[in-house]
Q: 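Mind looking over this structure? Questions follow.
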Amino acid sequence: PRRSSMPLCGTTVMNEISYRRSSLQHISGVEKPSATNSTDCSTALDEYHFHLDYLRASSVLEQMMQAADVAHLMQSWPVFLKWNKKLYDELWAAKLGGRGPDVSAGWFKGQISFFDFYAIPLVNRLKQCGVFGSLGGLFLEKTNYNRERWLSEGEVLCREMHASVVQLLGDGD
């Protein structure tokens with residue numbers, strides 16, 4: 001069966017959980033029992049599943065928010081480079097304005113560490129939760145591709161990015 005997409009705002013997720021909960025009660029024919037009813041265990045199980053669904057939805061939304069922040073890592077090489085350079089330029093401008101450290105010396109290795117310890121584990125979690133279907137694997141493939149290409153070309157690109165931003169903004173001396 002084909003699944004349609006839906007906006008994943010908090011209200012939509014909570015409405016979906018409420019709908020599933022009411023559907024479960026309708027299908028099972030179990031209404032909310034009184035405290036003295038023998039189906040208290042059933043109610044407790046329903047509540048458990050309700051809370052479990054809520055936790056799952058919250059977890060998926062959290063993963064998606066984190067992914068949105070670093071989505072350039074999961075896209076094409078040109079998109080990755082564009083946003084990588086924009087971040088580098090922004091951090092260089094902050095350094096020149098006395099609002100941040102000089103990141104130029106550690107940029108190449110820092111990107112590799114970011115791939116290894118943040119981006120790839122995040123993409124694996126997104127793939128595992130299955131919200132993107134078959135595209136979850138594509139995000140992982142793109143992230144790994146960008147990492148491998150950064151390993152082979154990143155040092156040269158760092159020198160080029162640095163020369164470009166110094167020409168544009170100066171070196172602070």
Side-chain angles (χ1 to χ4, degrees), residues 1-21 23-24 45 48-95 99-165 168:
R2 184 170 177 254
R3 295 183 79 173
S4 61
S5 63
M6 65 177 172
L8 287 175
C9 64
T11 306
T12 303
V13 172
M14 291 309 298
N15 288 343
E16 180 68 15
I17 290 171
S18 294
Y19 170 76
R20 288 182 182 192
R21 185 174 184 205
S23 295
L24 177 65
L45 190 57
Y48 168 79
H49 287 293
F50 171 75
H51 290 293
L52 188 60
D53 284 348
Y54 178 80
L55 287 173
R56 286 180 181 148
S58 296
S59 177
V60 168
L61 288 172
E62 183 178 330
Q63 304 304 312
M64 291 175 74
M65 292 296 292
Q66 290 174 0
D69 193 37
V70 295
H72 68 285
L73 298 168
M74 304 170 211
Q75 297 181 42
S76 68
W77 178 248
V79 170
F80 165 72
L81 287 182
K82 172 185 174 180
W83 291 101
N84 191 282
K85 182 176 181 345
K86 285 182 180 290
L87 178 59
Y88 186 87
D89 291 354
E90 182 181 333
L91 292 173
W92 186 257
K95 178 245 183 215
R99 297 181 314 276
D102 181 352
V103 297
S104 60
W107 194 258
F108 172 72
K109 288 183 180 179
Q111 292 300 295
I112 296 167
S113 293
F114 194 72
F115 273 114
D116 290 346
F117 299 110
Y118 187 82
I120 292 172
L122 173 61
V123 174
N124 280 323
R125 289 190 306 271
L126 285 172
K127 183 179 178 189
Q128 182 182 17
C129 73
V131 294
F132 293 109
S134 62
L135 292 179
L138 179 63
F139 295 141
L140 182 59
E141 183 182 313
K142 291 284 190 183
T143 304
N144 283 327
Y145 174 81
N146 288 338
R147 182 194 181 279
E148 292 304 313
R149 193 146 174 200
W150 183 259
L151 280 171
S152 64
E153 301 174 38
E155 288 181 294
V156 171
L157 291 167
C158 283
R159 287 192 292 273
E160 291 172 0
M161 285 191 314
H162 188 70
S164 171
V165 76
L168 182 68

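Heavy-atom basis, side chains included; hydrogens, waters and symmetry copies ignored. The first residue in the sequence is number 1, and the count goes up from there.
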Q: Are side-chain heavy atoms of L73 and Y118 found at a separation under 4.5 Å?
A: no
Q: To the nearest 0.5 Å, what is the distance between OH on Y88 and CD on Q111?
A: 11.0 Å
Q: Aromatic ring centroids of H162 and W107 under 6.0 Å?
A: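 That pair fails the under 6.0 Å test.
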Q: Rounded at 0.5 Å granularity, tell me how far CG in L135 sits from CG in L126.
A: 11.5 Å
Q: Can you tell if the side chain of K85 reaches within under 4.5 Å of the side chain of S164, non-hydrogen atoms only?
A: yes
Q: Excluding sequence neighbours, so at least two apart, what forms side-chain hydrogen bond (donor to acceptor under 3.5 Å, both in side chains) with S104?
A: D102
Q: For A67 and M74, which heavy atoms make the closest approach, and how far apart are they?
A: CB-CE, 3.7 Å
Q: Residues in side-chain hydrogen bond (donor to acceptor under 3.5 Å, both in side chains) with R149, at least two apart?
A: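 If we apply the side-chain hydrogen bond (donor to acceptor under 3.5 Å, both in side chains) test to R149, skipping adjacent residues, the hits are Y145, E153.
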Q: Using the test side-chain hydrogen bond (donor to acceptor under 3.5 Å, both in side chains), find all partners of S59 that sit at least two apart in sequence or belong to another chain.
A: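 With neighbours one apart ignored, the set is empty.
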Q: What pairs of residues pass the salt bridge (Lys or Arg N to Asp or Glu O under 4.0 Å) test when at least one of them lies in residues 104-119, not counting sequence neighbours?
A: D116-R147
Q: Can you sort out the partners of E148 under side-chain contact (heavy atoms from CB on, under 4.5 Å), two or more places apart, ordered by chain and number?
A: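 Expected list: L151.
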Q: Using the side-chain contact (heavy atoms from CB on, under 4.5 Å) criterion, which residues pair with K86? Sequence neighbours excluded.
A: K82, W83
Q: Mind checking salt bridge (Lys or Arg N to Asp or Glu O under 4.0 Å) for R56 and listing every partner two or more places apart, or none if nothing turns up?
A: D53
Q: Considering residues at least two apart in sequence or located in another chain, which fulfil the side-chain contact (heavy atoms from CB on, under 4.5 Å) criterion with L140?
A: I120, V123, N124, K127, N144
Q: List in chain and number order the residues that pass side-chain hydrogen bond (donor to acceptor under 3.5 Å, both in side chains) with W150, two or more places apart in sequence or in another chain; answer none if no residue qualifies.
A: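 With sequence neighbours excluded, W150 shows a side-chain hydrogen bond (donor to acceptor under 3.5 Å, both in side chains) to no residue whatsoever.
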Q: Has N146 got a side-chain atom pairing as donor or acceptor with Q75's backbone, closer than 3.5 angstrom?
A: yes
Q: List the residues meeting side-chain contact (heavy atoms from CB on, under 4.5 Å) with E155, not counting sequence neighbours, and say none if there are none.
A: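 E155 satisfies side-chain contact (heavy atoms from CB on, under 4.5 Å) with F108, R159 once adjacent residues are dropped.
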Q: Is there a side-chain contact between Q66 and Q63 (heavy atoms, below 4.5 Å)?
A: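 They are in contact (side-chain heavy atoms under 4.5 Å apart), so the answer is yes.
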